[in-house]
Amino acid sequence: MSDSLPPFPAPQRRPGEHLLLELGAGIGAGVEADEPCLRADAARNRARLLEAAARLVEQFGAAGLTMEAVAAAAQVGKGTVFRRFGDRTGLLMALLDRSERKLQAAFLTGPPPLGPGAPPVERLRAFGVAVLRRAVDELELQLAAEGEPGRRFASAPRLVLSAHVTMLLRQVIPGADCELLAKTLMGYLDPALIHHLTKQCGMAPERLEAGWIDLVDRITGGTPSC
């Protein structure tokens with residue numbers, strides 16, 4: 001199989017979409033700064049591989065996504081896929097990149113209460129609800145992207161989310177160990193726990209959202225929302 005990719009429509013970025021965090025392997029790895037054409041080719045090839053991967057997930061679910069399957073769907077050598085994404089976890093994280101950027105844009109620059117401008121407790125409540133809803137929508141993909149503990153808890157997206165929660169907690173309870181409390185709160189939003197509660201325990205997502213708000217209020221001493 002040739003490593004040259006066949007023509008494939010480039011994915012369209014929605015107007016106003018923020019470019020905040022690249023989750024997958026760098027698209028320009030190994031390319032010198034004075035070679036923009038090579039960088040552009042790498043970006044297009046990566047986008048085409050992700051389009052092929054997204055089609056496989058849509059057809060067969062996350063369980064059917066392998067490096068070999070992506071290579072076959074994109075008509076490239078398997079080594080090309082490994083060079084772009086490192087391993088299957090890297091590929092899955094790259095597929096989650098769009099929704100991760102959208103979430104980050106919402107809590108960094110979006111309207112309140114999730115974005116700046118609302119009191120920190122209200123922002124914490126809205127943050128957890130947004131993460132829970134995203135997890136419910138992408139649960140299979142998020143579970144498949146979970147790596148081993150050392151990689152899972154040190155991944156760039158998880159660190160960004162945890163840092164945001166830490167920042168909000170410090171505004172409300174500055175004398176507490178906010179970094180550790182943030183890790184504890186993030187545990188509530190873990191995809192594996194959400195899967196257990198919704199799929200195995202039969203809990204409605206709305207119950208999890210109410211539980212998050214209650215937990216935030218108990219930790220921060222905030223006034224319970226109506």
Side-chain angles (χ1 to χ4, degrees), residues 16-23 93 96-226:
E17 186 178 34
H18 293 262
L19 179 62
L20 296 170
L21 178 65
E22 193 71 40
L23 302 187
M93 291 182 68
L96 290 167
D97 178 75
R98 181 180 291 271
S99 65
E100 186 68 36
R101 296 186 200 188
K102 183 178 179 181
L103 174 64
Q104 288 183 39
F107 70 70
L108 289 174
T109 61
L114 182 55
V121 172
E122 290 186 20
R123 295 190 68 192
L124 273 171
R125 293 171 183 155
F127 171 83
V129 170
V131 173
L132 283 166
R133 290 177 180 175
R134 177 193 177 221
V136 169
D137 289 342
E138 302 177 333
L139 191 53
E140 183 184 1
L141 198 56
Q142 288 198 18
L143 284 172
E146 292 281 272
E148 69 278 2
R151 181 174 181 178
R152 175 181 173 189
F153 293 106
S155 67
R158 189 180 290 260
L159 291 174
V160 170
L161 301 186
S162 183
H164 178 67
V165 173
T166 302
M167 180 270 293
L168 293 176
L169 287 172
R170 283 176 176 156
Q171 295 178 23
V172 185
I173 43 176
D177 187 340
C178 295
E179 185 176 3
L180 186 56
L181 280 177
K183 302 295 186 186
T184 302
L185 283 171
M186 289 299 298
Y188 187 99
L189 305 175
D190 185 87
L193 177 61
I194 295 169
H195 177 268
H196 169 67
L197 294 176
T198 59
K199 304 301 182 182
Q200 298 176 323
C201 298
M203 293 187 186
E206 293 78 10
R207 182 177 175 186
L208 271 63
E209 294 174 15
W212 167 264
I213 293 171
D214 180 61
L215 179 60
V216 167
D217 290 340
R218 289 176 186 277
I219 288 176
T220 64
T223 302
S225 57
C226 298

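Nothing here was measured: the structure is a model prediction, and the numbers come from that model. For this chain, numbers begin at 1 and follow the sequence in order. Below, each value reflects all heavy atoms present in this structure, side chains not excepted, and no hydrogens, waters or symmetry copies.
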What one should report as the nearest heavy-atom pair of Ala118 and Pro113 is CB-CA, 3.6 Å
In short, Pro116 meets Gly110 closest at the heavy-atom pair CD-O, 3.5 Å
For His195, the ring pair (Phe, Tyr, Trp, His ring centres under 6.0 Å) test, sequence neighbours excluded, returns none
Requested in this report: State, with a plain yes or no, whether a side-chain heavy atom of Leu185 is found less than 4.5 Å away from one of Leu189.
Outcome: no
For Ser99, the side chain to side chain donor-acceptor pair (under 3.5 Å) test, sequence neighbours excluded, returns Arg134, Glu138
Contacts of Gln200 meeting side chain to side chain donor-acceptor pair (under 3.5 Å) (sequence neighbours excluded), chain-then-number -> His196
Please list, one pair per line, the donor and acceptor atoms closer than 3.5 Å that link side chains of residues 205-212 to other protein atoms, with sequence neighbours excluded.
| unit_1 | atom_1 | unit_2 | atom_2 | d |
| --- | --- | --- | --- | --- |
| Glu209 | OE1 | Arg133 | NH2 | 3.1 |
| Glu209 | OE2 | Arg133 | NE | 3.0 |
| Trp212 | NE1 | Leu124 | O | 2.9 |
| Trp212 | NE1 | Arg125 | O | 3.3 |

**Pair Glu140 + Lys199, salt bridge at N-O below 4.0 Å** = no
**Step-by-step side chain to side chain contact (heavy atoms under 4.5 Å, CB included) determination, Asp97 to Arg101** = CA-CA 6 Å; Asp97 178 75; Arg101 296 186 200 188; 2.4 Å; yes
Residues passing the side chain to side chain donor-acceptor pair (under 3.5 Å) test with Asp214, sequence neighbours excluded, are Arg218
List the atom pairs, with distances to 0.1 Å, where a side-chain N or O of residues 159-179 and a protein N or O form a donor-acceptor pair under 3.5 Å, not counting sequence neighbours.
| unit_1 | atom_1 | unit_2 | atom_2 | d |
| --- | --- | --- | --- | --- |
| Ser162 | OG | Lys183 | NZ | 3.4 |
| Thr166 | OG1 | Ser162 | O | 2.8 |
| Asp177 | OD1 | Leu180 | N | 3.2 |

In terms of heavy-atom contacts, Arg158 and Pro191 come closest through NH2-CD, 4.4 Å
Apply side chain to side chain contact (heavy atoms under 4.5 Å, CB included) to residues Leu139 and Leu143 and explain how you reach the verdict.
CA-CA 6 Å; Leu139 191 53; Leu143 284 172; 4.1 Å; yes
